Amino acid sequence: CAYPSCMSLAAEDLRCSRCKAAYYCSRVHQLNDARRHQRSQCQRTTQPTSASSRTSPETRTISVLLFPTDEPTPRIVRTECKIDATDPSRPGEEHHTIDFQTLLRPTSAVVSLPVAPVERRPPALGPPTRLYLAFDDSFALPPTGAWASAGSGGARLNRAAERLTAGAAHVRWRGALLGYRAREPAAGRTQFEDVTMADLPAFVAFLREH
């Protein structure tokens with residue numbers, strides 16, 4: 001860990017986004033060391049770059065779980081994630097963005113709901129994370145009741161959700177659905193991590209019980 005006097009092992013995903021040379025064992029140490037690091041070590045190790053490259057977000061790929069509308073089985077897909085660490089009010093802190101519009105092709109706003117409780121891990125392995133499901137809020141329609149007559153945007157029932165819940169879900173899920181993992185707390189910033197097929201049971205339970 002690059003934090004002065006800390007002897008803990010650093011996490012591979014907790015590094016300075018500017019110089020990419022300093023790694024930390026926890027988000028707390030990274031934030032507490034931001035001012036000292038940027039004034040000394042970061043300036044020495046950062047190579048001169050153009051103004052455009054300093055302000056342009058990086059891009060990496062992450063794994064998300066896609067429930068296609070017309071396929072019976074969800075699958076892991078790799079999608080681009082933009083990494084922006086240029087906010088001066090949050091030095092050294094990354095904000096991630098993925099293109100929900102391309103993945104879901106919604107007719108209205110994209111809604112994200114937490115799928116399961118926060119998953120905590122040792123600080124050396126990174127901050128807590130949580131699973132979320134993103135969907136077009138006009139597609140998730142109760143089969144009966146006041147919302148049954150609301151517009152569905154013409155979306156077809158999601159075959160994967162229908163099969164995995166055996167048609168017993170409280171909501172008839174429509175259109176594509178997207179499962180992702182984000183670090184907590186997510187308020188004020190979003191940082192994504194990979195989803196695996198081992199996370200599928202949590203999403204199925206949410207689809208069935210929501």
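Computed from a predicted model, the values in this text were never measured in an experiment. Residue numbers count from 1 along this sequence.
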Once side chain to side chain donor-acceptor pair (under 3.5 Å) is applied, do any residues pair with [X], and if so which ones, sequence neighbours excluded?
| X | value |
| --- | --- |
| T102 | D99 |
| R75 | E71 |
| E162 | R172 |
| E80 | none |

Item to complete: Please check if V195 and V204 belong to a single hydrophobic cluster, counting links between Ile, Leu, Val, Met, Phe, Trp and Tyr side chain heavy atoms closer than 4.5 Å.
Response: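 Yes, because V195 and V204 connect within a single hydrophobic cluster, where side-chain heavy atoms sit under 4.5 Å apart.
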List for me each residue that meets side-chain contact (heavy atoms from CB on, under 4.5 Å) alongside [X], sequence neighbours excluded, and say none if there are none.
| X | value |
| --- | --- |
| P117 | none |
| V28 | S26, N32 |
| P201 | none |
| V115 | L131, L133, A202, F203, F206 |

Got a list of side-chain donor-acceptor pairs under 3.5 Å for residues 60-69, not counting sequence neighbours?
| unit_1 | atom_1 | unit_2 | atom_2 | d |
| --- | --- | --- | --- | --- |
| T61 | OG1 | R78 | NH2 | 2.8 |
| S63 | OG | R78 | NH1 | 2.6 |
| T69 | OG1 | A176 | N | 3.0 |

Fill in: ring-ring contact (aromatic ring centres under 6.0 Å, His included) involving H29 - partner list, sequence neighbours excluded
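Listed in chain order: Y3.
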Worksheet item: Can we call the ring centroids of F100 and Y180 under 6.0 Å apart?
Response: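 When the ring centroids of F100 and Y180 are compared, they turn out to be within the sub-6.0 Å range.
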Worksheet item: Got E58 and D84 here, is their nearest side-chain heavy-atom distance under 4.5 Å?
Response: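 They are not in side-chain contact.
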Worksheet item: Does the side chain of V110 come within less than 4.5 Å of F135's, by heavy atoms?
Response: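 A side-chain contact under 4.5 Å is absent here.
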Fill in: With sequence neighbours excluded, residues passing salt bridge (Lys or Arg N to Asp or Glu O under 4.0 Å) with R181
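So R181 forms a salt bridge (Lys or Arg N to Asp or Glu O under 4.0 Å) with E119, D199.
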Discussion item. Would the distance check show the side chain of N158 and the main-chain N or O of G175 forming a donor-acceptor pair, the cut-off being under 3.5 Å?
Written reply: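 Between the backbone of G175 and the side chain of N158 there is a qualifying donor-acceptor contact (under 3.5 Å).
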Worksheet item: Is the backbone N or O of I83 less than 3.5 Å from a side-chain atom of H96, with the two atoms forming a donor-acceptor pair by type?
Response: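 No, the answer is negative, given that no donor and acceptor are paired below the 3.5 Å cut-off.
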Worksheet item: Should we count CZ of R163 as having more than 12 external heavy atoms under 6.0 Å?
Response: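 Atom CZ in R163 is packed in, count exceeds 12.
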Practice prompt. Sorted by first residue and then second, give each salt bridge (Lys or Arg N to Asp or Glu O under 4.0 Å) pair with at least one member in residues 200-210; sequence neighbours left out.
Written response: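 Applying salt bridge (Lys or Arg N to Asp or Glu O under 4.0 Å) to every pair that reaches into residues 200-210, excluding sequence neighbours, yields nothing.
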